[in-house]
Peer 1: 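I have a structure here, written as structure tokens, and I will follow up with some questions on it.
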Number of protein chains: 2
Amino acid sequence: MGRKQTKSGKIRLTEVAKLAGVSPITASRFFRNPEALSLSKRERVDSAVKELGYVPNLAARALASHRTEVIGVVIPSLTNNVFADVLRGIYDSSEGSRYTIQLANTRYSILQEEKVLRLFRAQKPAGLIVTGINQTAESRTILESMNCPVTQIMEIGDSPVDMMVGFSHYDAAFAAISHILEQGRRRIGFLGARMDPRVQRRFEGYRDAMKAAALFDPALIVTTSVPTTVTLGGTLFADLLAQTPDIDAVFCVNDDLALGVLFECQRRQISVPRDLAIVGFNDLEFTASAVPALSSVRTNRYEMGRHAVTMVIDAIEGRRPQEPVIDLGFQLMVRESSMPSST
Amino acid sequence: MGRKQTKSGKIRLTEVAKLAGVSPITASRFFRNPEALSLSKRERVDSAVKELGYVPNLAARALASHRTEVIGVVIPSLTNNVFADVLRGIYDSSEGSRYTIQLANTRYSILQEEKVLRLFRAQKPAGLIVTGINQTAESRTILESMNCPVTQIMEIGDSPVDMMVGFSHYDAAFAAISHILEQGRRRIGFLGARMDPRVQRRFEGYRDAMKAAALFDPALIVTTSVPTTVTLGGTLFADLLAQTPDIDAVFCVNDDLALGVLFECQRRQISVPRDLAIVGFNDLEFTASAVPALSSVRTNRYEMGRHAVTMVIDAIEGRRPQEPVIDLGFQLMVRESSMPSST
DNA sequence: ACAATTATTGACAGCGCTACCATCGGATTG
DNA sequence: CAATCCGATGGTAGCGCTGTCAATAATTGT
């Protein structure tokens, strides 16, 4: 004999079907494809569901249909503010849809990324959102074999696995440096921490902009693989000053570093922007109220999250986008820290 | 006839069992309770699993066992840095375990909380982690009916649904105010934004500390229900100054507000700490490198996340903790912004 | 009016796993 | 040496749902 009888109180699809006077399969269709039902049956099933308080058993559904309603999201960090905004967009967009978000954190490790992708593959997600375009060959193979829509976020590039939404970190950094150059600054330092692929691209934008102006000088560059903190911004800036005392501007790969630089300037009585211009990246909220307000590059992170989910869901449901790659661009937010000094 | 034959490549538990020369049920036990197998069979199943690259079908497992291996996590915000740290702890601890984290965001709405709890109930999670102790009666009923371990995080209180890990926001704020009073400050302002229950408790700590010193004055208080930003800190501080110009200290319910106050002071040439002491809350990383460094109350958020997961998993697996309520405490981080002025 | 097409509906089997119980051999006991 | 117990293993019958295809009803075209 099998197991204990089903608890009498449990409501299954069969009960709903019975109450509605239809077959179980028709009741099932009510959830998956309501348009296929005649209006009368649809109403009967609907009220039966409500009357019984029926809740579908997702495990049974997944087992029978070989599908899940899970969208996997792979991000490199939970601490980085940047991803908080993206995630907010992702969760906001997924709410109200039938899909559930499953989050995985790689901590900036591509091996960890392979591992979580393998895990996701085993669970047959309905769709996937992954960060960046620098997957290992192995990861790419997994992604391509997944047989579900995939959106790469945060940046854009030439060979999407499937879809992409992001912006060009290279262009953004190039634009930031061009702006600083326009202010007449010539010795523009570069401060970078945790040089992940996107930060690397910002560096390339910096490098090329400086080279184009014939102002590139390795002595202007200080980077580290250590994760970003505000304090680190101060430290790196101190290193830069020791190495190259005649700098007149600093481009920081993110706003936390920029804030650290600002604090270090306050500590050393370096006047910003008179003695030093500062430009950050991401346009976190605090940049606007710092003293002086910090220039930064605004990136549309919340929208990125929203777009990513929308694209994936649309693709799952057969509405493939015309254009698989969306460039959300960036805006240079010029504030006091990189404007002509009023003094 | 039923459906298409199983894809020949698909590896099920049956295949593993066959290769290992055992019954499927024994192979199943290999995963759920390996100690129950004899050493020889255990090894045979183990190598069969590896040889075939078998991956369990979680949906089938959930359907057959009426259990999932999901731990639901309910938090009020994804943007708030505080939760980023907690989440990091949660994800770090869950990694390597068999459990999967399912995140839900309530955006500080108790109705949204009810909704996500109802959703979770339908999925029969193995355990649950929820933020705070101010659930609605309905939410509490759901939690109690869930029949799985529940840990409330972020604060502690008298009547846990099940388990708790957090600290007393009241005590923390009381201690912060006591410290400021010890510095000889008498007119201590209170700045609060998004007055969620925990922030409310911090207010009560402030209020009682001030009353105990016979220094409580409603004119010292400025609060708003708007979400916290650094900019808002400056705005609220401006309001406070307008309302009560003779303040000599400000307690901010979080570090973002405190940073905003600091910037506003820089803007108005108010010397910190000489003219004004500032104390924040949470001890975010930047407080230590601000100029002057900001005093704050350190809370052990990462550990909170780790503990919460550990407690839930232990309880799921029958190892109930002796003490269901863990107080992680707090540390007052006294820095320049609230020390005697050196000037 | 009748065949051909299209919308609705239902029957059946089975997705891959585990709960429940039965079994079986060997160790322990008196 | 029989009675008892225990640990290891297997057989059976589903868990609750949906894919496939067939059957029926409604609609259309000529």
Side-chain angles (χ1 to χ4, degrees), chain A residues 1-45 48-49 52-69 98 122-124 126, chain B residues 1-45 48-49 52-69 98 122-124 126:
Chain A
M1 197 189 71
R3 69 200 50 205
K4 199 183 288 175
Q5 281 309 298
T6 303
K7 285 196 283 293
S8 52
K10 195 67 207 170
I11 287 133
R12 305 193 308 282
L13 194 52
T14 319
E15 275 76 51
V16 174
K18 201 165 290 169
L19 180 63
V22 299
S23 71
I25 191 68
T26 301
S28 166
R29 272 194 276 264
F30 170 77
F31 290 100
R32 291 174 293 141
N33 186 14
E35 289 76 27
L37 299 200
S38 65
L39 201 61
S40 69
K41 304 236 168 182
R42 202 185 314 171
E43 280 165 356
R44 295 228 302 280
V45 176
V49 165
L52 296 173
Y54 169 73
V55 178
N57 180 322
L58 300 180
R61 191 179 272 182
L63 179 59
S65 67
H66 300 277
R67 279 192 258 105
T68 62
E69 284 168 352
R98 61 199 304 167
Q123 298 180 226
K124 302 193 191 70
Chain B
M1 196 190 68
R3 68 199 50 199
K4 198 183 291 175
Q5 281 309 297
T6 304
K7 286 196 282 293
S8 51
K10 195 68 206 168
I11 286 133
R12 304 192 308 280
L13 194 51
T14 320
E15 275 75 50
V16 174
K18 200 165 291 169
L19 180 64
V22 299
S23 72
I25 191 69
T26 302
S28 166
R29 271 193 278 261
F30 170 76
F31 290 100
R32 290 173 292 137
N33 186 15
E35 289 76 28
L37 300 200
S38 66
L39 201 60
S40 68
K41 305 234 170 185
R42 203 186 311 171
E43 279 165 358
R44 297 227 302 279
V45 176
V49 165
L52 296 173
Y54 169 73
V55 178
N57 181 322
L58 301 179
R61 191 179 273 181
L63 179 59
S65 67
H66 300 278
R67 279 190 257 107
T68 62
E69 284 169 353
R98 60 198 306 165
Q123 299 181 224
K124 303 194 192 71

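Just so we're on the same page: letters track the sequence lines, and every chain starts at 1.
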Peer 1: If I take atom CD from residue A:E43 and atom CG from residue A:L37, how far apart are they, to the nearest 0.5 angstrom?
Peer 2: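 Result: 11.0 Å between the selected atoms.
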Peer 1: Kindly point out which of D:dG19, C:dG16, D:dG10 is positioned nearest to the side chain of A:S65?
Peer 2: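 When the side chain of A:S65 is considered, D:dG19 is the closest of D:dG19, C:dG16, D:dG10.
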Peer 1: Counting neighbours of CZ on B:R67 that are heavy atoms of other residues, nucleotides or ligands and sit closer than 6.0 Å, is the number greater than 12?
Peer 2: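 Incorrect, the count does not exceed 12.
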Peer 1: Rounded to whole angstroms, how far apart are CD on A:E69 and P on D:dC17?
Peer 2: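 Nearest whole value for this atom pair: 13 Å.
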Peer 1: In whole angstroms, how far is the C1' atom of C:dT8 from the CZ atom of A:R44?
Peer 2: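 After rounding, the gap between these two atoms is 13 Å.
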Peer 1: Tell me the closest heavy-atom pair linking A:A62 and B:A59, and the distance in Å.
Peer 2: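 Where A:A62 meets B:A59 most closely, the heavy atoms are CB-CB, 3.6 Å.
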Peer 1: For A:Y54, which contact category applies under a 4.0 Å heavy-atom criterion: base, sugar-phosphate, or nothing?
Peer 2: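 Sugar-phosphate contact only.
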Peer 1: OP1 or OP2 of C:dG16 sitting under 4.0 Å from any side-chain N/O of B:T14?
Peer 2: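 False: B:T14 side-chain N/O out of range (4.0 Å or more) of C:dG16 OP1/OP2.
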Peer 1: Atom CG of B:L37 to atom P of D:dG7: distance rounded to whole Å?
Peer 2: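 Interatomic distance, CG of B:L37 to P of D:dG7: 14 Å.
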Peer 1: Does any non-hydrogen side-chain atom of A:T68 lie less than 4.5 Å from one of A:Q123?
Peer 2: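 A side-chain contact under 4.5 Å is absent here.
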Peer 1: Please state how far atom CG in B:L13 lies from atom P in D:dC15, giving the value in whole angstrom units.
Peer 2: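 Rounding to the nearest Å, CG of B:L13 and P of D:dC15 are 20 Å apart.
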Peer 1: Examine C:dA19: is either OP1 or OP2 under 4.0 Å from a nitrogen or oxygen in the side chain of B:R67? Give yes or no.
Peer 2: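 The answer is yes; a side-chain N or O of B:R67 sits under 4.0 Å from OP1 or OP2.
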Peer 1: What distance do B:R61 atom CZ and B:L63 atom CG have between them, rounded to the nearest 0.5 Å?
Peer 2: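 So the gap between those two atoms works out to 13.0 Å.
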Peer 1: Which residues in residues 20-29 of chain A have at least one heavy atom lying under 4.0 Å from any atom of DNA chain D?
Peer 2: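 Output list: A:I25, A:S28.
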Peer 1: Tell me: CD of A:E15 to C1' of D:dG16, nearest whole Å?
Peer 2: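 My rounded result for the distance is 10 Å.
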Peer 1: Using whole Å, report how far CZ of A:R32 lies from C1' of C:dT8.
Peer 2: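 It is 14 Å, rounded to the nearest whole Å.
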Peer 1: Round to a whole Å and report the spacing from CG of A:L58 to P of D:dC17.
Peer 2: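 About 10 Å, once rounded to whole Å.
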Peer 1: Between B:R61 (CZ) and D:dG16 (P), how many Å, whole number?
Peer 2: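 So the two atoms are 19 Å apart, to the nearest Å.
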Peer 1: Applying salt bridge (charged side-chain N to carboxylate O under 4.0 Å, His left out) to A:R12 and A:E15, what does each step give before you reach the verdict?
Peer 2: CA-CA 5 Å; A:R12 305 193 308 282; A:E15 275 76 51; 3.7 Å; yes
Peer 1: Ring centroids only, cut at 6.0 angstrom: are A:F31 and A:Y54 within range, meaning strictly under it?
Peer 2: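 Close enough - the centres of the two rings lie under 6.0 Å apart.
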